[in-house]
Amino acid sequence: MPKALSIHDDRLARARAVLSRVHGGGVPGRSSGAGPLEVGPGLHEWIGGGSAWGEGGTEPSSAGGGFAPIGVLIGVARARAGALGADARVLWIGRRVWPTPAALVHRPGRCGEDRSLLERSLFVDAHNAGEALWAADTALRSCGAGVIVADGSGLDMASTRRLQLAAEASGSGGAGVCLLARPSREIRSLSAAATRWLVEPDRSDEEDRPGWAVRLLRRKGLRPEEGHTRWVVRSCHATGDVRVVAVTADRPGPPARQCRARTGS
Amino acid sequence: MSREGGGRESVVDACALAQRAGVRPGMPAGEARAALGSSGVRTIPDDPEALAGVLLRLAVFMQRFSPVVAIDSRDGLLLDITGCARLFGGEDRILARAGRALRRLGLASRIAIAPTFACAQGVARYARSAGIVAEGGQRDALAPLPIAALGVDEQIAAGLGEVGVDRIGQLMALPRSSLPARFGEELLWRLDCAMGDAIETIEPVRSEPSPEAEMIFDGPTTRTDAIAAAVRTLLDRLAGAMRARGLGARRLRLTLLRVGVSPFQIEASFGRPSRDPVHLWSILGPSLERAHLGHGVEGVRIVAERFGRLGHEQAGESHAIGEDPKAVAELVDTLCARLGRHGVLRILPAESHLPERAARLAPAADAPPRGPVAAMADALRPTLLLDRPEPAAVVSLTPDGPVMHVSWRGGSARVTACSGPERISPVWWDAKARAETRDYFRVRDGSGRWLWLCRAVESGRWFVHGVWA
C-alpha cells in the first residue's frame, strides 16, 4: 500500500507541475487575485478592441484591425521587466507595437524621470508576419530578451504553438514572456497561447485620462466561470504609470458571443 | 602641465592659451594657477607614461595620412609622406587636412613639411611660421634658426653659444673639419641629416596586426559541407588566437578563394567584441550557404578586420534573463544578420518640441551615445503616434475649439471631453521644415477612445496625429 500511495503522490506532483507550467506563474486566477498586468512566463495574446478608428487605416500601426493595445502592453512589459531585473531587455517586434518614447518614460515623482524602460527597449523592424514570427522565436530561444512584445497579426495555430514551445524551452529556462498584439478580426482564431485578453476603451465618463477595460477571454486550464475576468486599467498622466483601478465583479456572458456582436462579424 | 620635484611644484609645459596668460615653463605651479585665474585652463600633473600612450594613439590616428608614422621625443610625430601627398592633392592639402584633423581633436599643432626629417623637425619647432620647405630649400629655411633646432644635445648648443655661434647659418659657415674635434660627431651628423647629405631613419609605430586564420585545400572543392567544416575549424583557431591576445572580433571578413574567378567575400559585423566560435558561426553560416562557389574553392581565409578588447570571462557566470550583455549582443547580431543593420533599433530622445521629431532611431548594434541625454517634453503624449497626421473632419464650437464632433477613417463620434489647446510652433531656424503652427487637443469620444487632434492654425485644417491605444 505505501508503494501505491507514493506512486499516486508522484503522479499528483507531476500533474501539479504540468499545470503550473501551463498556467504560468502569475496568471490571474481565483486564488492569486493577480491582475492582467502580472502575467507569468509563456505566450499571451492581447486583442485590441475593434475600434472604428483603426479599421480604415492603411498604415502599419493599425493593420486594418484596430490599433494594438499599446497602453496596456506597456504596463504589462514594465511590470514584467521590473520583476526580472534592472537590465532586462524588452523587445518590441513590428512597427504596429512601437510605442512613442514618451509613453515608456515613468515619472515617479514631481522631480526626475525614470527612462529605464526606454533605455532597455530594442525595436525590431519586421516587415511581414514571417519575419516577426522568426524574430520572436529567436529572441525567446536566446537569453537576450526578458520580455518580447510582438505584432501577432496573421499568426496561425502552428505559429503560436511554435512560440509557446520556444517560450517554454527557451534559453531562459522557460522564463521568457511573449506578448502578442493581435487585431480584433482574429479574436476567434485558434491559438496555443496561455491566455487571451480583450482590451477595449473604458466608457466611464468621470475620468480625464485614458482607461481600458481588460477582459480575460481565455486561459488554459481555467473554466470561464472561475475567478475574475474583467479589470479596468488606467494610465496616469502625471507618472506615466498604467495601473489596475477596478476589478469588475459582474461577469458578462460567453466572451465569444459578445465579441462577435462587437466586431460585427 | 606641472611636475612636483625638490619640494616644489613647477610648470613643465603650457598650452598657447596659458602662455598668453603669462604662464611659462619653470614657473611655480601656484603662480601659474593665480595667473590663469578663471580662464578655464586646467593644470594637470605631468605623467610621461600617460602622455606616451596618448601620443601612440595619435600616431595610429595619423596613419590615415601616411603608413609610416614615428614618435618624435615627448610631444611630436614624424610622418614619411613620400608618395602620399599625391593622394591628397598636394603637400599644401595634406598640411591643411592634418591641421584640421588635429584641431577637430582639440589639439593645437605646428606642422612643417620638408625634404628631410631633421629639417621638418627644426622648422616645425623653431621657425617663426611653420610651413612647407621646398626641395633644396633646407639651407635657407634652417639658417635663421637656433642651434637647438638641429635636435642636438643641450651642452653642444651651449658650447657653440659660448663661442658666439647661435644660429645654424653661422654653424654652416664654419669649416666642417674643425667641428668634430671640438663638438663631437653628433653635431655634424645632425647637420648632414638636415641638409639631406646623410640618411636618417625613423622607427615607425606599428598598429596591432589583425587576427586572421587561413586554410588552403589540396585541391578545389565545391562541397559546401567541406567548406563549412573548414570555416568552423578556422573560427576555432581564430577564437584561440584572439583569446590569447584578449581580443574579440567586431567585424569578420570571410574570403573564399575561388578557382579562376575573383574571391567571394562575406562580411559580418558584431555589436560587441565576440570570440565565441558558435556565435561567430551563427552569423557567418547562413551567408556561407548562399555563397557562389564558382568552379571550386581552393582556400578559405578569415580576418578580424575590426576588433576590440575583450577581457577573460568567467565561465558559468549567471545572469537573469535578458540581462547578460553577451546574450543581448548575440541576439542583436543574429537579428541584424537577417533583418539588416537597421532592422534592430533603439529610440533615442531628441531635443525637439515637435512630436514627430522628439525621437530618432539608431541601430542597436552601435554603442549607445555618450554624453548628456536629450530632455523630453513633460507634456502629455499619446501612446501611439501616426506616421503622418491624417486629415479629420471636426465640428467645433469656435474655429479654435473646443471640439464637439469628430469624423476620421470612415467613423464619426460625438466628443464627450476635450482639453487643450497645446500650441506647438514650427522651428524658425529650419526653412526646410515648412511646418505650420499647430494647436493640439486631447479628445475623448462617447465610447472612451482618446485621440490627439491637431489644428493647423494658418489653414484651419484638422488632423489626427496620435491615439491613446
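A note on names: the letters A, B, ... follow the listed sequences, proteins ahead of strands, and every chain is numbered from 1. This one's a predicted model, so the numbers in the text were calculated from it and none came from an experiment.
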Residue selection (most heavy-atom pairs with chain A, distance under 4.5 Å) from A359(B), A469(B), A358(B): A469(B)
Pick from G343(B), C336(B), A327(B) with the largest number of heavy-atom pairs that fall under 4.5 Å of chain A: G343(B)
Working for side chain to side chain contact (heavy atoms under 4.5 Å, CB included), residues W98(A) and L345(B): CA-CA 11 Å; W98(A) 286 10; L345(B) 304 159; 3.7 Å; yes
Portion of [X] that has a non-hydrogen atom of chain B nearer than 4.5 angstrom:
X       : value
V105(A) : side chain
T138(A) : both
I93(A)  : neither

What part of [X] gets within 4.5 angstrom of chain A, counting heavy atoms only: side chain, backbone, both, or neither?
X       : answer
L361(B) : side chain
L335(B) : both
V464(B) : neither

[X] and [Y]: which non-hydrogen atoms are nearest, and at how many Å?
X       : Y       : answer
A102(A) : R381(B) : CB-CB, 3.8 Å
R449(B) : P201(A) : CG-CG, 3.2 Å
A364(B) : L122(A) : CB-CD2, 3.7 Å

Criterion side chain to side chain contact (heavy atoms under 4.5 Å, CB included) on E131(A) and R338(B), from CA distance to verdict: CA-CA 9 Å; E131(A) 281 187 354; R338(B) 172 159 172 183; 4.0 Å; yes
Working for side chain to side chain contact (heavy atoms under 4.5 Å, CB included), residues F123(A) and V344(B): CA-CA 6 Å; F123(A) 301 84; V344(B) 188; over 6 Å; no
R461(B), CZ: over 12 other non-hydrogen atoms inside 6.0 angstrom: no
Out of curiosity, [X] [atom1] to [Y] [atom2], how far, rounded to the nearest 0.5 Å?
X       : Y       : atom1 : atom2 : result
L384(B) : R96(A)  : CG    : CZ    : 9.5 Å
S142(A) : K326(B) : OG    : NZ    : 11.5 Å
R209(A) : W468(B) : CZ    : CH2   : 14.0 Å
I347(B) : E119(A) : CD1   : CD    : 12.5 Å
L331(B) : R141(A) : CG    : CZ    : 13.0 Å

Side chain to side chain contact (heavy atoms under 4.5 Å, CB included) between W134(A) and L339(B), worked out: CA-CA 10 Å; W134(A) 171 81; L339(B) 304 174; 4.2 Å; yes
Under 3.5 Å: donor-acceptor pair, side chain of T100(A), backbone of P382(B): yes
Contact check, side chains of T383(B) and P99(A), non-hydrogen atoms, under 4.5 Å: no
Residue pair P349(B) / L118(A), side-chain heavy-atom distance below 4.5 Å: yes
